[in-house]
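Because only heavy atoms are used, hydrogens play no part in the values below, and waters and symmetry mates are left out as well, while side chains stay in.
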Amino acid sequence: MSTRKIAIFDTTLRDGEQSPGCSMKLHDKLLVASNLEALKVDVIEAGFAIASPGDFESVQAIANHVKDCTVASLARCLKGDIDQAWAAVRGAARPRIHVFLATSPVHMEYKLRMTPEQVLQQATTMVAYARSLCPEVQFSLEDFTRTEEEFSWRVIESVIKAGAAVVNLPDTVGYAIPEAFGARIGRVLEHVPNAGQATLAVHCHNDLGLAVANSLAALKAGAGQAECTINGIGERAGNAALEEIVMALKVRRDFFAGLECRVDTTKIMATSRCVCSVTGSRVQANKAIVGQNAFAHESGIHQHGMLANRETYEIMTPESVGLSQSQMVLGKHSGKHALKDRLTQLGIALNDDQLQELFTRFKDLADAKKVVTDADIEALARGLEMRNDGQQKLVFDRFLAATGNTNANVSTVRLKVDGQTVEEVAMGSGPIEASFNAINKMLNLHVTVENFAVSAVTANVDAQGECELRVRHNQKVYLGRGVAQDIIEAAIRAYVHALNGLLEDEQRMTANAAALAAAGAGGGLA
């Protein structure tokens with residue numbers, strides 16, 4: 001049987017990051033990129049270089065860091081976008097510029113205000129320009145599934161002639177139905193004379209819950225690249241989930257005869273947990289492949305079948321996606337090496353300082369709990385206040401709250417601000433609000449707290465409390481996570497985590513403004 005290689009194009013760092021609340025900092029993106037490289041995806045779309053200086057910096061850093069994958073940057077069909085994308089990815093071992101332009105009637109008329117002929121000309125010209133810079137160019141027909149079919153064939157033929165090695169046919173708004181989508185891919189191969197000279201890719205969104213099904217239908221019909229994200233994160237209802245596409249190809253080889261990808265499936269769980277950790281976006285318990293219940297069996301009938309033969313209720317093994325059936329129990333007598341090994345299994349990478357801080361907090365927790373679970377460790381890691389180059393502007397020290405249903409709620413909070421101890425006291429409707437008010441008072445900050453949630457990490461009475469929140473400041477949103485056995489402390493840690501991100505952004509903007517002013521004063525600006 002002949003085989004056909006399917007390229008896995010991961011866009012977690014670009015499209016996935018556009019999911020509300022999933023913004024990542026540079027060290028987060030590098031960590032995710034390292035996990036994707038270990039997973040052996042073919043292409044990492046590192047970001048949209050023109051979007052901001054921070055995006056450019058992260059795309060460039062990933063391009064210089066990754067050695068075993070193609071690294072791509074998204075760009076509109078504009079010369080400035082393409083120049084910025086090339087500047088960001090040119091240091092990659094295998095660089096790619098990914099240009100896109102909408103081709104559906106509704107997008108051309110209302111968003112672009114361009115005629116079909118103008119769109120065709122712009123796409124062709126900009127692909128040729130990108131190809132003059134970069135050895136590998138990909139073009140996407142945004143909103144392909146609502147594009148007039150014969151016009152899409154003209155665009156595909158033209159951009160391939162202009163030098164596109166990959167042509168992406170996205171279901172941008174999750175409109176497609178698998179049978180129809182697969183048939184349409186087949187007609188592209190039939191009606192576009194030079195379609196065989198490029199790889200056809202698909203990029204499906206999950207608005208109708210069909211992103212994975214549409215992707216698989218397209219691959220079976222002849223597409224050679226699937227664009228997807230870890231855990232299916234992405235705008236609106238998300239993207240096609242990488243782990244579901246890859247495991248469907250592996251488990252149902254009988255149906256997808258000859259289709260193979262190079263992904264190391266044993267790294268799926270570690271990568272999934274890494275993305276959860278850095279984005280704060282949890283996977284639903286019954287999520288296919290990576291959900292906590294994906295390999296759990298509670299029904300007596302199911303348990304009986306599993307004990308007799310695992311194949312009665314499992315179509316894949318937990319080990320095939322990176323879960324271990326045997327675990328070392330971690331407790332107060334465990335050492336740092338055992339903790340580091342478990343972190344590696346969970347897909348969590350920390351530097352030496354972060355590991356030491358986590359180990360200290362792990363020991364404190366182990367003194368209070370008999371057994372520390374994987375969920376506890378993941379929560380501790382999520383709540384760890386990540387440093388940037390070993391520095392944090394704010395570090396939580398301690399708090400003391402006076403609360404009750406008959407007393408005024410008062411909290412005294414002590415932080416280290418740029419290494420200096422600062423303490424403030426404030427009142428509030430509850431101890432958490434009082435604590436936040438104390439921090440605002442010491443920093444002279446005015447922010448809005450959104451999506452505040454506190455949950456128990458495990459079901460036991462000695463469970464840790466985990467707080468996740470978002471704060472809004474000047475139209476920007478910052479994610480905060482905190483973990484502690486005391487829920488007030490967890491909330492304070494989450495608030496401090498979010499404010500560190502805010503203050504880091506303000507510091508960077510101030511430095512950029514100063515650099516621009518200095519350049520202007522010196523005649524460096526045109």
For this session: Could you walk me through whether D10 and L39 pass the side chain to side chain contact (heavy atoms under 4.5 Å, CB included) test, one step at a time?
Result: CA-CA 11 Å; D10 183 273; L39 186 64; 6.0 Å; no
Give the C-alpha distance, both sets of side-chain angles, the deciding distance and a yes or no for side chain to side chain contact (heavy atoms under 4.5 Å, CB included) between Y478 and V447. CA-CA 10 Å; Y478 300 89; V447 300; over 6 Å; no
*asked:* Applying side chain to side chain contact (heavy atoms under 4.5 Å, CB included) to R414 and F399, what does each step give before you reach the verdict?
replied: CA-CA 6 Å; R414 191 163 79 184; F399 83 100; over 6 Å; no
Quick one, R493 with C467, criterion side chain to side chain contact (heavy atoms under 4.5 Å, CB included). Give me CA distance, side-chain angles, the key distance, then yes/no.
CA-CA 8 Å; R493 286 184 178 277; C467 178; over 6 Å; no
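Looking only at distances, a side-chain donor or acceptor of D486 sits under 3.5 Å from a matching main-chain atom of I488. Side-chain atoms of K441 come within 3.5 Å of backbone atoms of V425 as a donor-acceptor pair (strictly under, hydrogens ignored). With N206 contributing its side chain and L210 its backbone, the two residues share a donor-acceptor pair below 3.5 Å. Under a 3.5 Å cut-off, the side chain of N214 and the backbone N or O of A176 do form a donor-acceptor pair. When atom types are taken as modelled, the side chain of D81 and the backbone of L78 share no donor-acceptor pair closer than 3.5 angstrom. Listed for the T12 side chain is no donor-acceptor partner under 3.5 Å among the backbone atoms of G16. Under a 3.5 Å cut-off, the side chain of D42 and the backbone N or O of I8 do form a donor-acceptor pair. Looking only at distances, a side-chain donor or acceptor of T265 sits under 3.5 Å from a matching main-chain atom of S320. Under a 3.5 Å cut-off, the side chain of N35 and the backbone N or O of L31 do form a donor-acceptor pair. Listed for the S272 side chain is no donor-acceptor partner under 3.5 Å among the backbone atoms of I268.
Scored by the side chain to side chain contact (heavy atoms under 4.5 Å, CB included) test, L26 finds L30, E57, S58, A61 as partners (sequence neighbours excluded). Residues meeting the side chain to side chain contact (heavy atoms under 4.5 Å, CB included) test with N451, sequence neighbours left out: R470. With sequence neighbours left out, S455 forms a side chain to side chain contact (heavy atoms under 4.5 Å, CB included) with R282, E466.
Considering only heavy atoms from C-beta on, L249 comes within 4.5 Å of L216 through its side chain.
V59 and F48 get closest at one heavy-atom pair: CG2-N, 4.2 Å. Minimum interatomic distance between L112 and A102 (heavy atoms only, all atoms of both residues): CD1-O, 3.5 Å. Closest approach of N409 to A434, counting heavy atoms only: O-CB, 3.8 Å. Heavy-atom minimum distance, I245 versus A226: CD1-CB, 4.3 Å. Here the closest heavy-atom approach between residue G465 and residue A490 is recorded as O-CB, 3.5 Å. When all heavy atoms of A63 and A88 are compared, the closest pair comes out as CB-O, 3.6 Å.
For NZ of K340, the number of neighbouring non-hydrogen atoms (other residues, nucleotides, ligands) closer than 6.0 Å is 12 at most. Annotation: Y175, atom OH; neighbour count of heavy atoms from other residues, nucleotides and ligands within 6.0 Å does not exceed 12. Counting non-hydrogen atoms of other residues, nucleotides and ligands closer than 6.0 Å to CD of E423 gives a total above 12. Within 6.0 Å of atom NZ in K111, more than 12 heavy atoms from other residues, nucleotides or ligands are found, so the atom counts as buried in its surroundings.
Within the model, atoms CG of D55 and OG of S73 stand 8.5 Å from one another, a figure rounded to the nearest 0.5 Å. Rounding to the nearest 0.5 Å gives a distance of 5.5 Å between CD1 of I487 and CD1 of I432. Note that the CG atom of L358 and the CG atom of L380 stand 5.5 Å from one another [nearest 0.5 Å]. Rounded to the nearest 0.5 Å, atoms CG (N500) and CG (L502) are 9.5 Å apart. Annotation: the span from I233 atom CD1 to C228 atom SG amounts to 12.0 Å, rounded to 0.5 Å. Atom CG of residue L415 and atom CD1 of residue I492 lie 8.5 Å apart, to the nearest 0.5 angstrom.
Ring geometry for F436 against Y495 counts as parallel: the plane angle stays under 30°, on a 0 to 90° scale with 60° as the upper cut.
A side-chain donor from one of N286 and Q284 sits under 3.5 Å from a side-chain acceptor of the other. Side-chain contact check for S104 and D143: at least one donor-acceptor pair (N or O, by modelled atom type) lies under 3.5 Å. Side-chain N/O atoms of D15 and H203 include a donor and acceptor closer than 3.5 Å.
The pair D264-K40 does not count as a salt bridge, with every side-chain nitrogen at least 4.0 angstrom from each carboxylate oxygen. Salt bridge annotation for E45-R96: absent, with no cationic side-chain nitrogen under 4.0 angstrom from a carboxylate oxygen. Ion pair R14/E227 not flagged as a salt bridge, since none of the NZ, NE, NH1 or NH2 atoms sits closer than 4.0 Å to an Asp/Glu carboxylate oxygen.
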